[in-house]
Structures are given as C-alpha cells and as structure tokens.
> 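I'd like to ask some things about the structure below.
Just so it is clear, the values below take in all heavy atoms, side chains as well, and ignore hydrogens, waters and symmetry mates. In the text below, chain A, chain B and the rest are named by the order of the sequence lines, each starting its count at 1.
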Number of protein chains: 2
Amino acid sequence: MSNTGGRRRPPTIHDVAREAGVSRGTVSRVLNGGHYVSPAAQEAVNAAIRRTGYVVNRHARSLITGRSDSVGFLLTEPQEKFFEDPNFNVLLRGCTQALAAHDIPLLLMLAGTEDERRRITRYITSGHVDGVLLVSSHSGNPVAEELSEAGVPLVACGKPIGLGSKISYVAADDRDGARDMTRHLLSLGRRRVGMVTGPLDTPGGVERLAGYKEVLAEAGIAVDDDLVVSGDYSRLSGERGAERLLAQVPDLDAVFVASDLMARGVLTTLERAGRRVPEDVAVGGFDDSPAALASSPELTTMRQPFDRISAEMVRVLLAQIGGEDTAAVILPTELVKREST
Amino acid sequence: MSNTGGRRRPPTIHDVAREAGVSRGTVSRVLNGGHYVSPAAQEAVNAAIRRTGYVVNRHARSLITGRSDSVGFLLTEPQEKFFEDPNFNVLLRGCTQALAAHDIPLLLMLAGTEDERRRITRYITSGHVDGVLLVSSHSGNPVAEELSEAGVPLVACGKPIGLGSKISYVAADDRDGARDMTRHLLSLGRRRVGMVTGPLDTPGGVERLAGYKEVLAEAGIAVDDDLVVSGDYSRLSGERGAERLLAQVPDLDAVFVASDLMARGVLTTLERAGRRVPEDVAVGGFDDSPAALASSPELTTMRQPFDRISAEMVRVLLAQIGGEDTAAVILPTELVKREST
DNA sequence: TTCTCTGCTGTGAACGCTCCCAGCACGGTG
DNA sequence: CACCGTGCTGGGAGCGTTCACAGCAGAGAA
C-alpha cells in the first residue's frame with residue numbers, strides 16, 4: 001500500500017487524543033514536558049503518537065507561542081571570501097549540528113547587497129526566527145546593532161567592533177594565542193621575529209599583534225617597527241608582506257603570521273627568496289585551517305577551536321532566547337607543532 | 001523613542017485593514033497578487049502596509065495554506081568531504097540566493113548519522129518544508145527514494161543512481177565534457193592519453209569515462225586498458241593513479257583526470273617523476289574548482305557551471321512544488337585552457 | 001423593466017496548536 | 001464536618017491568516 005503521488009494529510013493532535021482516549025490538552029502537556037500528566041496518560045499518549053506517526057505542526061504552535069523555534073545563520077557582506085574560508089564551513093556545520101540536537105532548524109541568510117540586508121532585517125525583526133548567529137568579517141556592520149537594538153537575540157562570532165556594543169560574542173583568545181606562538185618562536189632560539197598582522201581595524205587583528213608585542217617586550221627584545229607588516233588575511237597579502245619583511249629585515253629568522261592562508265603566501269615568498277623553512281626562517285600561522293596541512297612544509301599554527309566556538313554560539317544564543325543575560329565567551333587556542341618551526 | 005529591550009507585537013493584517021479602511025479579505029488579496037482589487041483599494045492597502053511596517057506572519061499563512069514557503073537543502077552522508085569541496089559552497093550559496101529572490105528561506109539539513117537521517121526524514125515528510133534540494137555523493141542513498149515516494153518535491157544535484165528512479169536532477173553534461181577534454185588533448189598532438197576516472201559506481205564517473213573512450217575510438221586509437229586507472233576524486237587517489245599510469249604506460253604524453261583535486265595529485269606525482277607539465281605530459285582536469293587555479297602549473301579543466309546548476313535546481317524544484325512534471329536538466333560544460341596543456 | 005454577468009468587497013469559518021480556567025477526586029488539616 | 005491544597009483532566013478561546021461564499025453596484029442584453 002504505497003503512497004505514491006500526493007501527500008496524505010498528516011495526523012493532528014486531535015487524532016492522537018482520540019487514539020489515546022484523552023483530551024487535546026493532555027496530549028499537548030505530554031508534548032511539552034509532561035508536567036501534570038499521570039503516568040498512565042503519559043504512556044497512552046506516547047503509544048498513540050507512535051501508532052499514528054504524529055509530528056507536531058510547528059506553524060500552529062508558533063502561531064500561538066509567538067516563538068518560531070528556528071534560528072537564522074546570518075552572513076553579512078563579502079560572501080565569496082567567507083565561502084572560500086574552510087573555517088566558515090566548520091562553523092556552519094557545527095552550528096547546524098548543535099541546533100539539530102535541540103531540534104531547531106537553521107535558516108541560512110546571506111546579506112550581500114543592501115537590498116538583501118534590508119529584506120533579511122525585516123524578516124528577522126518581524127519574528128520569523130527566534131535569534132541570530134552572526135558571522136561577519138569586519139564585524140562593525142550596522143546589521144548587528146540594528147538587530148540587537150530591536151531586541152533580537154544575537155550572538156556574533158568574533159568580537160564586534162563598536163566599543164559600547166552589548167552584543168554577545170564567542171571568540172578564540174587571540175591575544176593569548178599570539179603570545180603562545182611568539183613564545184614558541186623565541187623558544188627555538190629565534191630573535192629576529194617578524195609579524196604579518198591581520199587587518200588592524202578588527203579586534204582579532206589588533207589582539208594578535210598585541211600578544212606578539214607583549215611577549216617580545218617581556219623577553220627584552222625591542223619591538224622594531226620594521227618587524228611588523230600588515231595584511232588582510234589573504235594569501236597574496238602574505239606574499240607581499242614577506243617581501244617587505246625580507247627587504248626591511250634581511251636577517252629575519254622567524255615570522256608569526258596572523259592567518260594560515262597568509263602564512264602560505266609567506267612560505268611562497270621565502271621559497272622564492274631561497275630561504276629554507278624552518279632552518280633559516282621559522283614560520284608560525286594562526287587558525288589551523290586545512291591550508292596548514294596542505295602546505296609544504298606543513299604549518300605550525302595556533303588552532304582556533306571552531307567546533308567549540310560553534311557549540312558555544314548555539315549555547316549562548318539559546319540562553320539568550322530563554323531570557324538569560326549572556327556575556328562574551330573566550331575560548332583558548334592550542335599550539336599545533338608541525339614542520340615549519 | 002527607541003525600542004530597546006522587548007520586541008513589540010508586530011502589526012497584523014487586521015491593523016492594516018483598519019488603517020486602510022478596508023477589510024481583511026481585501027488586504028489578503030493585495031498580498032497575494034492583487035486580483036479582484038480596485039486600484040484605489042490596492043493603493044490604500046500598500047500605503048497602510050508601508051505606514052505600519054506590516055510583514056505577513058508566515059506561520060499563520062502556512063497553517064491554512066498547508067505550504068511552508070520554505071525549502072530544505074539536504075546534505076547526506078560524508079559531510080566533511082563535502083564541506084571541504086569548494087563546489088559545494090558555490091552550490092549552497094547559489095541555491096540560497098536563487099531562493100531568496102522568491103522570498104523563500106532555505107533550511108540547512110545535515111544527515112550524517114542514521115539518527116539524523118530519520119529525524120530529518122520525519123521533519124520533511126510531515127510537511128515542514130515544501131521541497132528538498134538534495135546533494136549527496138554516492139547518490140544512490142535511500143533518503144532520496146524515501147522522500148520521493150512520500151510525494152515530497154525533490155531535485156538532486158547530479159544523476160541519482162537507481163535505474164528506475166524518477167527523481168528530477170540537474171547535472172553537468174559529464175560525457176560531453178569528457179569528450180571535449182579528450183579532443184582537446186588529442187588536438188595537441190598527444191596520442192598516449194591516459195585517464196584517471198572518478199568512482200565508477202556513480203553516473204558521473206561512468207559518463208566521464210565513456211566520453212573519453214568515445215573520442216579515442218573516433219580517433220582510431222585503441223583504448224588500452226593500461227591507460228585507464230580509477231580514483232575516488234581525492235587528491236591522494238590522483239597521486240596513486242598517476243604512479244600506476246606511469247608504471248603501465250612509460251610513454252604517457254597526456255592524462256585526462258576526472259576531477260581537479262585528483263589532477264593536483266597527478267601533478268605532484270609527475271613532478272616527482274621528473275616529467276614536465278605540459279611539455280612531457282599534458283594534464284586536463286574537471287570541475288574548474290579553485291584548486292585548478294591554485295595549482296602550479298594552473299590546470300586546464302572542464303568548467304562545471306555550478307552557478308547555473310544551483311539556479312536550475314531551484315527553478316525545477318519550484319516548478320515541481322507548483323505541481324508541474326519536471327524532467328532532468330543537463331547543462332553544458334566549458335573548456336578552460338590554462339597552463340597544464 | 002428585468003435578468004445576468006462582471007468586478008469588487010466584506011465576513012464567518014477554518015487551519016492545529018497552546019493557554020487558561022474550571023472542575024474533578026483525593027488526602028490532609030482545622 | 002468543612003475547607004484547602006495538590007495532582008490531574010477537559011474544553012473553550014484565540015493566535016493571524018486564507019478561503020469560500022454571499023452580496024453589492026453597475027453595465028449590458030433580452
């Protein structure tokens with residue numbers, strides 16, 4: 001008796017109630033935690049649900065509760081860049097799975113153009129999702145503030161810019177990671193340690209630079225301006241950065257690079273310049289993205305715990321949806337030693 | 001008068017009707033195409049919508065229409081693999097954008113484990129999405145058949161396996177692409193043209209091999225078994241495949257590789273073996289993934305039109321949801337000449 | 001005139017669920 | 001005995017929308 005063709009009308013809570021010999025109210029109570037339901041009724045309802053194959057109609061539920069029991073995953077601005085970033089994929093996957101554990105669907109929202117941004121903002125603020133997981137590059141974008149001000153639960157990945165911002169976020173401990181990597185390079189006996197930074201208009205970029213400078217200062221090494229060049233996380237900017245470093249600091253013996261992708265660019269330049277890695281110059285990256293393993297030599301890097309970040313983002317968002325006040329979560333990074341140091 | 005803190009109750013169709021001086025029914029008609037509405041009423045309603053900032057409550061609408069006005073993007077099985085595949089990202093992005101143009105949200109669904117598979121199947125078949133965009137590696141998975149039999153509109157990316165399958169799909173013309181590439185290699189004067197195939201339990205793998213063989217036969221070149229080795233689209237299998245090819249066919253002067261990722265592996269092996277590319281051996285890939293540009297030398301490859309594939313998937317799915325009968329869509333590939341040939 | 005047809009409008013009834021309240025039985029306490 | 005609290009149950013109301021239907025005015029045909 002196959003059901004090819006049309007979809008048959010699914011059973012409702014009414015059908016379940018009749019099947020179990022109880023009222024709709026009792027079925028609903030079982031569905032929502034089972035408080036104030038006798039064990040006998042509980043059992044009868046569960047059996048009826050199994051027999052009928054009942055699945056709650058979320059639209060009907062949402063209509064009355066005002067909740068949608070879904071959350072949005074919002075990506076603002078330069079989509080190409082993000083979609084090429086393997087870290088983004090890990091994040092998206094992690095969030096989807098963490099939400100699935102709570103039976104909450106994830107809606108993917110891409111706000112590339114201004115039009116899309118407006119449409120999506122309207123969609124969100126009119127209550128079609130209970131909260132938003134936000135991923136954005138230069139995180140000082142207006143969408144976050146707008147949503148946050150409209151009272152929409154919101155958790156960002158990485159620290160948002162604006163100082164007064166009360167937006168909750170989850171991030172890796174950039175400064176501490178940078179400290180660890182710099183210490184690691186010093187521990188190899190290197191003393192001319194350069195750095196290729198990330199974009200310095202983002203908290204992450206600033207923090208990684210700060211950590212690097214701190215450790216050099218601690219070690220009593222003058223923080224030479226020539227030792228620091230800035231990049232934008234792209235591979236090409238790594239190549240260019242290394243060229244400038246080599247020109248400014250011919251006796252360079254190590255580089256801390258603020259992202260793995262840039263670090264690959266650095267490796268390329270070093271190879272062209274005839275410097276051996278790690279013998280002549282040790283190279284440390286940041287992220288532990290797949291790029292770190294794909295390079296030759298394989299990159300020593302600071303692992304950002306993206307699986308934990310996504311899990312925490314979901315946890316914090318759900319807490320916020322539940323009415324709790326939430327704060328920032330900073331997760332530790334981990335040094336992964338490979339061939340480049 | 002900021003609205004910090006709680007979210008105010010959004011305006012309903014009733015508010016709009018009062019504001020415009022018409023009835024709910026008229027507002028609803030304007031919202032749904034504006035048939036049988038006088039221009040004056042039309043205008044009054046639109047103005048009222050703008051003034052009140054009204055946004056339709058999709059839950060209420062879905063409750064009565066039975067449609068959810070959302071679709072699922074379902075990824076089955078080996079998620080790691082797919083998430084690392086840049087093509088997958090292009091597909092996901094393309095589908096999201098194509099759907100956004102129709103104001104339809106995309107729900108991301110990952111069915112890795114058997115448990116997730118069951119949960120998601122229940123979710124889908126109980127009408128929480130209107131249709132499903134399916135991406136799967138070995139596309140002969142049971143989910144597709146199950147959903148299709150339950151009457152859920154479904155479009156797969158790439159040809160599903162099972163012969164009797166009536167599932168609509170969108171795919172690149174693998175056979176034709178393979179023919180073009182093989183012809184291209186022959187046009188360079190190469191005569192010992194090997195092939196590293198994809199998995200031969202998938203239609204794509206089979207088709208690419210078939211196209212290759214056809215052209216060799218046309219050209220009157222014996223299709224030597226030694227010339228063909230099989231891979232699984234992974235980089236490593238490309239390396240291994242090339243090793244076997246070199247052992248079996250020492251005078252190899254070209255290779256058609258069924259994916260760019262494998263082609264990179266082939267390049268690695270050829271370099272190790274001291275063969276110059278393209279001087280000694282020309283290498284042609286398939287996909288035109290970012291990997292093709294990142295390799296050295298840059299890969300000549302057959303471009304799969306992933307942006308068009310995603311757009312077509314959405315078009316076909318919406319047609320199917322609208323009740324139309326839909327067929328398979330095969331899109332042409334395009335030869336992209338670069339340094340490796 | 002009268003009747004029909006067309007274009008437009010308003011209204012009651014769903015859709016399937018949760019919330020709330022009234023009410024039951026029962027045991028303990030004043 | 002009366003009263004209250006507790007655990008549990010049933011049913012009415014209502015969430016915001018679309019749908020079906022009835023009804024209206026005005027134009028044109030009989």
> Under 4.0 Å between a side-chain nitrogen and a carboxylate oxygen: does that hold for B:Glu116 and B:Arg122?
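So B:Glu116 does not pair with B:Arg122 through a salt bridge.
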> To the nearest 0.5 Å, tell me how far A:Glu19 CD sits from A:His14 NE2.
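If I round to the nearest 0.5 Å, the distance is 13.0 Å.
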> Please state how far atom CD1 in B:Ile13 lies from atom C1' in C:dG10, giving the value in whole angstrom units.
13 Å
> Round to the nearest Å and state the distance from B:Arg18 atom CZ to C:dG10 atom P.
15 Å
> For nucleotides 8-15 of chain D, print each protein N/O atom paired with a nucleotide N/O atom at under 3.5 Å, atom names and distance only.
residue, atom, partner, partner atom, Å
D:dT9, OP1, A:Ser38, OG, 2.7
D:dT9, OP2, A:Ser38, N, 3.1
D:dG10, OP2, A:Ser23, N, 2.9
D:dG10, OP2, A:Ser23, OG, 3.1
D:dG10, OP2, A:Thr26, OG1, 3.0
D:dG10, N7, A:Arg29, NH2, 3.2
D:dG10, O6, A:Arg29, NH1, 3.4
D:dG12, O6, A:Arg24, NH2, 2.7
D:dA13, N6, A:Arg24, NH2, 3.0

> Between atom CZ in A:Arg58 and atom C1' in D:dG16, what is the gap in whole Å?
20 Å
> Salt-bridge test for A:Glu114 and A:Arg117: reply yes if a basic N is under 4.0 Å from a carboxylate O, no otherwise.
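Salt bridge: yes.
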> When the distance from NE2 of A:His14 to P of C:dT18 is rounded to whole Å, what number comes out?
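Spelled out: NE2 on A:His14 to P on C:dT18 is 14 Å.
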> Between A:Arg119 and B:Asp103, does any NZ, NE, NH1 or NH2 come within less than 4.0 Å of an OD or OE carboxylate oxygen?
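So B:Asp103 pairs with A:Arg119 through a salt bridge.
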> So, A:Ser68 and A:Asp130: side-chain donor and acceptor under 3.5 Å apart, yes or no?
yes
> May I have the distance from A:Arg61 (atom CZ) to D:dG16 (atom P), rounded to whole angstrom?
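Atom-to-atom, A:Arg61 to D:dG16, this comes out as 18 Å.
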> Does the distance from a Lys or Arg side-chain N to an Asp or Glu carboxylate O, for A:Arg315 and A:Glu324, drop under 4.0 Å?
no
